[in-house]
J.: 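Below is a structure I'd like to ask you about.
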Amino acid sequence: MPEQEKLLFHPISLDDRDWMNDKLKEDNLNICEYTFANNFVWAKVYDVQVGCAYGCGVVRFRGQENYQYSFPFGNGDKKAVIEHLRKICAVYGYRLSFYPLTERCRLELMDWFPGMFEISSNRDNFDYVYTVEKLSTLKGKKLHGKRNHIARFMDDGDWHYEAITEKNMDECRRMAKEWTSLRTEKWNEEMALEIGVLEVACSNFEMLGLCGGVLYKGDKIVAFTIGEMLNTDTFVVHFEKAYPDLQGAYPMINQQFILHEAQEYLYVNREEDTGDLGLRKAKLSYYPDFLVKKYTAVESCVVFADERQKEYLITLWNQCFADERQYIELYLENRFEPENMLVIYEENRPVSMASLLPVQITINGNKENARYVYAVGTLPTYRNRGYASKIIKYAAEKYKEPLLLQPADRDLQEYYERQGFVDAFGESPCWIYAGRCTETTKMPSIDENDLRAAEIVFEENTLEQLGDWFVSDAGEKEYKMVRDQVLDKEGYVEWDEPAIAYAIKENQFCKGRTLLLTSPIGDAQVRSAVLMYRIEKDSLHIIETTLNDEQLHHILPELLLYTGTTWAFERNMGGMIRLPEHFTNWDYKEGYLGLTLG
């Protein structure tokens, strides 16, 4: 094998510093993991190894199951490196996985290997980035509290800042040990690992090209921090320690470090919060200018949709469901995100799809994350290959959350039963007729006298009041609030405001309207209800309402007259659910699905 095609990994060492720094500078990446020093100090924790081939550098480290790889960095042939790594992983029988990817890397990977990598992100791993000016000056009302904390720290004037040197390094080590003794209640394994990593950084400080700052109160170190250049316009902060009970120590070392060490840069990257809620609150309190999204890519035959291939998705949707283009575009513009649509590719295009929309369901009194399965379809040419089943199985294993759906007909219900779904949410058809009763009628038929009375109310064809209710158009905020208050119970499926907003738009597109009904009940109190309906030929379809049967029946004559329809119906078709193992003892037969969103 020619020299440039060899990709041999070895444990990272200081000997790798120069060539890695050169390759990293060629790409000028903006996420915190892409520095030589960061990989070196975490080497023992993650078994970090490095290699170089095809003009690119690659980092290999121990993931949760197998090795993961950095995205190739440098001006070489990245695609050739990835093809080489795929072969290596195939030999050892595991899927190739990259972390972290920038947005640019994500798009390159999808272009080079369409339909071959599932690429996802995790909010816990996003880097926080601020302007140097913001952290230096702390200007503005939002950062008024930070300025106050610093003022309290400076009250007696007995403080000073200096750079980390060999002279004060040991004092920083002693301060770090004392800091750990003050964190015993919050101590965890990650903190212990970080202290070990900090010692590696201190022991190799100059060789790694790090810089640091120390904050003194009197003659005692009360805070210190360590960072380095990330790229041509960004400085990165790797470590920051301050005594938690000393007011202003953290904002003071933060500001002083940037003032003294980062003025030649535009931005400061303060790394991720790893899902720690306290750390997230602290980083958000400085109001980051932006978050850098980082991705994980795993080789897979089921992948997330590519947002740049909407024309393919529109064609796939149309051939599966025969919906018009405007309706499909409405969904894609309002509900589509790459990470909520799974697809399978053939011939470099998606041929099978399913949307997995995030939702919550009440199980054993707790709000649990779940996914609503929607728009499952495969191009006719590629059917009977098990693609849809493969997507559903993949989703169940990936999310490990309840999967919910509402099948369109009996054949589909039997299909989903074979995929592990069971009936749930208590199907209870309710038909309401204007002129006659049938065996399926749940409520009395509407009297003709009620209809004649309604004609007087709607002489001008306006809708400002229905019976005792005042009427206005419902927004997503009001709709969600009323829906949750009235319908929430065990098994209730709760949508967030963006989902409700789309449901209102979709209903309007289908010649419907969504109403907020209010009525005074004395002592300045008001009762509220919502009603979503659409007109289908000569019928009024009640999509969802929080009105009870008596209240709905009371206003129907006026609503029928206003809409020019002759009969109305409400239908609760129930649904199906597939539960992960840890919920198998839950009684899924009750609950409320109701509003199903496309």
J.: Inspect the surroundings of NZ in Lys367 and state if more than 12 heavy atoms from other residues, nucleotides or ligands are less than 6.0 Å away.
T.: yes
J.: Asp289 side chain to Thr131 main-chain N or O, any donor-acceptor pair under 3.5 Å?
T.: yes
J.: Would Lys220 and Glu178 pass as an ion pair if we require N to O under 4.0 Å?
T.: yes
J.: With rounding to the nearest 0.5 angstrom, report the OH to CG distance, Tyr54 to Asp77.
T.: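 Between atom OH of Tyr54 and atom CG of Asp77 there are 8.0 Å.
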J.: Any donor and acceptor pair, going by atom type alone, linking the side chain of Tyr130 with main-chain N or O of Lys283 inside 3.5 Å?
T.: yes
J.: Please report the shortest heavy-atom distance between Val81 and Ala53, naming the atom on each side.
T.: CG2-O, 3.6 Å
J.: How far apart are the closest heavy atoms of Ala354 and Val376, and which atoms are they?
T.: CB-CG2, 3.8 Å
J.: With sequence neighbours left out, which residue pairs that include part of residues 285-308 fulfil the ring pair (Phe, Tyr, Trp, His ring centres under 6.0 Å) condition?
T.: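 Pairs touching residues 285-308 that pass the test: Tyr267-Phe290.
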J.: Restricting to pairs with a member in residues 192-229, which pass ring pair (Phe, Tyr, Trp, His ring centres under 6.0 Å), not counting sequence neighbours?
T.: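 Residue pairs passing ring pair (Phe, Tyr, Trp, His ring centres under 6.0 Å), neighbours aside: His160-Tyr216.
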J.: Checking Arg106 against Glu103 for the salt bridge (charged side-chain N to carboxylate O under 4.0 Å, His left out) test, could you report, in this order, the C-alpha distance in whole Å, the side-chain angles of both residues, the deciding distance, and whether it holds?
T.: CA-CA 5 Å; Arg106 180 182 80 93; Glu103 180 65 21; 2.8 Å; yes
J.: Should Lys241 and Met175 count as side-chain neighbours, where that means a heavy-atom distance under 4.5 Å?
T.: yes
J.: Using the test salt bridge (Lys or Arg N to Asp or Glu O under 4.0 Å), find all partners of Arg95 that sit at least two apart in sequence or belong to another chain.
T.: none
J.: Can you tell me if Lys217 uses its side chain to pair, donor with acceptor, with the backbone of Phe153 under 3.5 Å?
T.: yes
J.: Looking at Arg270 and Glu240, is any side-chain nitrogen of the basic one under 4.0 Å from a carboxylate oxygen of the acidic one?
T.: yes
J.: Do Val268 and Val237 come within less than 4.5 Å of each other through their side chains, counting heavy atoms only?
T.: yes
J.: Any cation-pi pair here, Arg62 with Tyr46, using under 6.0 Å and within 45°?
T.: no
J.: For residues Lys281 and Leu284, determine if any side-chain heavy atom of one lies less than 4.5 Å from a side-chain heavy atom of the other.
T.: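 SC-SC contact between Lys281 and Leu284 ruled out.
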J.: With side-chain contact (heavy atoms from CB on, under 4.5 Å) as the test, would you mind laying out the steps for Phe98 and Leu85 before giving the verdict?
T.: CA-CA 10 Å; Phe98 293 108; Leu85 290 172; 3.7 Å; yes
J.: Does Tyr312 OH have over 12 foreign heavy atoms under 6.0 Å away?
T.: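 No.
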J.: Dump the intermediate steps for side-chain hydrogen bond (donor to acceptor under 3.5 Å, both in side chains) on Ser120 and Glu339, then the final yes or no.
T.: CA-CA 7 Å; Ser120 60; Glu339 292 181 36; 5.3 Å; no
J.: Please tell me if the side chains of Leu313 and Pro350 come closer than 4.5 Å, counting only heavy atoms from C-beta onward.
T.: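 Yes, at least one pair of side-chain atoms sits under 4.5 Å.
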J.: Distance from His10 atom NE2 to Cys52 atom SG, nearest 0.5 Å?
T.: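 Here the rounded value is 9.5 Å.
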J.: Salt bridge (Lys or Arg N to Asp or Glu O under 4.0 Å) with Glu271: which residues, sequence neighbours excluded?
T.: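 Scan of Glu271 (salt bridge (Lys or Arg N to Asp or Glu O under 4.0 Å), adjacent residues dropped) gives none.
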J.: With a sphere of 6.0 Å drawn around CD of Gln263, does it hold more than 12 non-hydrogen atoms of other residues, nucleotides or ligands?
T.: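 More than 12 heavy atoms, drawn from other residues, nucleotides or ligands, come within 6.0 Å of this atom.
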J.: Keeping Asn38 on the side-chain end and Thr35 on the backbone end, is there a donor-acceptor pair under 3.5 Å?
T.: no
J.: Taking atom NZ of Lys390 as the centre, report whether more than 12 heavy atoms of other residues, nucleotides or ligands fall under 6.0 Å from it.
T.: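 Open.
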J.: Quick one: pull up CE in Met252 and CD in Gln256 and give me the separation to the nearest 0.5 Å.
T.: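 Taking CE in Met252 and CD in Gln256, the distance rounds to 4.5 Å.
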J.: Keeping the roles fixed (side chain from Trp179, backbone from Ala242), state whether a donor-acceptor pair exists under 3.5 Å.
T.: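 Checked: pair present.
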J.: Checking the side chain of Asp27 only, and the main-chain atoms of Asn75 only, is there a donor and an acceptor separated by less than 3.5 Å?
T.: no
J.: I'd like to check Arg335 versus Met341 (side-chain heavy atoms, cut-off strictly below 4.5 Å). Are they in contact?
T.: no
J.: How would you list all residue pairs meeting salt bridge (Lys or Arg N to Asp or Glu O under 4.0 Å) that involve residues 8-26, not counting sequence neighbours?
T.: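 Qualifying pairs: Lys23-Glu26.
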J.: Could you check Tyr250 against Gln255 for side-chain hydrogen bond (donor to acceptor under 3.5 Å, both in side chains), going step by step and ending with a plain yes or no?
T.: CA-CA 9 Å; Tyr250 268 114; Gln255 183 197 47; over 6 Å; no
J.: Verify, without hydrogens or angle tests, whether Ser70 (side chain) and Val59 (backbone) share a donor-acceptor contact under 3.5 angstrom.
T.: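 Yes: the side chain of Ser70 pairs with the backbone of Val59.
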J.: What heavy-atom pair brings Ile12 and Phe40 nearest, and what distance separates the two atoms?
T.: CD1-N, 4.0 Å
J.: For Asp219, is the CG atom crowded, meaning more than 12 foreign heavy atoms sit under 6.0 Å from it?
T.: no
J.: What distance separates His149 NE2 from His144 NE2, expressed to the nearest 0.5 Å?
T.: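 Answer for the NE2-NE2 pair, His149 versus His144, is 10.0 Å.
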J.: In a check of side chain to side chain donor-acceptor pair (under 3.5 Å) between Lys294 and each of Thr102, Asn122, Asp127, which one passes?
T.: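 Among the candidates, only Asp127 passes.
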J.: Are Thr234 and Leu266 side-chain neighbours, meaning at least one heavy-atom pair lies under 4.5 Å?
T.: no
J.: OH/Tyr128 to CG/Leu279 distance, rounded to the nearest 0.5 angstrom?
T.: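 The OH atom of Tyr128 sits 7.0 Å away from the CG atom of Leu279.
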J.: Please lay out, stage by stage, how Tyr67 and Asp47 fare under the test side-chain hydrogen bond (donor to acceptor under 3.5 Å, both in side chains).
T.: CA-CA 9 Å; Tyr67 278 118; Asp47 185 22; 3.1 Å; yes
J.: A side-chain contact here means heavy atoms from C-beta on lying under 4.5 Å apart; do Arg60 and Val48 qualify?
T.: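 With C-beta onward as the side chain, the pair stays apart.
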J.: Is a side-chain donor-acceptor pair under 3.5 Å present for Glu299 with Tyr94?
T.: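 Per modelled atom types, Tyr94 and Glu299 side chains form no pair under 3.5 Å.
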J.: List the atom of Val373, the atom of Leu356, and the distance in Å for their closest heavy-atom pair.
T.: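 Scanning both residues, the minimum pair turns out to be CG2-CD1, 3.7 Å.
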J.: Please examine the side chains of Ile344 and Cys301, heavy atoms only from C-beta on, and report whether any two atoms are closer than 4.5 Å.
T.: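 Heavy-atom side-chain distance check fails, nothing below 4.5 Å.
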J.: For Phe71, is the NZ or CZ atom of Lys78 found under 6.0 angstrom from the centre of its six-membered ring and inside 45 degrees of the ring axis?
T.: no
J.: Under 6.0 Å from the NE2 atom of His582, do we count more than 12 heavy atoms belonging to anything else shown?
T.: yes
J.: Any donor and acceptor pair, going by atom type alone, linking the side chain of Ser203 with main-chain N or O of Val200 inside 3.5 Å?
T.: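 No; judged by distance alone, with no hydrogens or angles, the pair does not exist.
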J.: So Glu33 and Asn39, side-chain hydrogen bond (donor to acceptor under 3.5 Å, both in side chains) or not? Walk me through it.
T.: CA-CA 7 Å; Glu33 285 85 356; Asn39 284 279; over 6 Å; no
J.: Testing the basics here: between Pro72 and Ile82, what is the closest heavy-atom pair and its distance to 0.1 Å?
T.: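 The answer is CG-CG1, 4.0 Å.
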J.: For Glu272, does its backbone N or O pair with a side-chain atom of Asn125 as donor and acceptor, under 3.5 Å?
T.: no
J.: Just grab all the side-chain hydrogen bond (donor to acceptor under 3.5 Å, both in side chains) pairs involving residues 109-118, residues at least two apart or on different chains.
T.: Asp111-Arg308, Glu118-Tyr394, Glu118-Lys398
J.: Without swapping roles, check the side chain of Asp496 against the backbone of Ala499 for a donor-acceptor pair under 3.5 Å.
T.: yes
J.: Can you tell which of Tyr331, Tyr372, Tyr374, Trp317 makes a side chain to side chain donor-acceptor pair (under 3.5 Å) with Ser355?
T.: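 It is Tyr331, the one option of Tyr331, Tyr372, Tyr374, Trp317 that forms the side chain to side chain donor-acceptor pair (under 3.5 Å) with Ser355.
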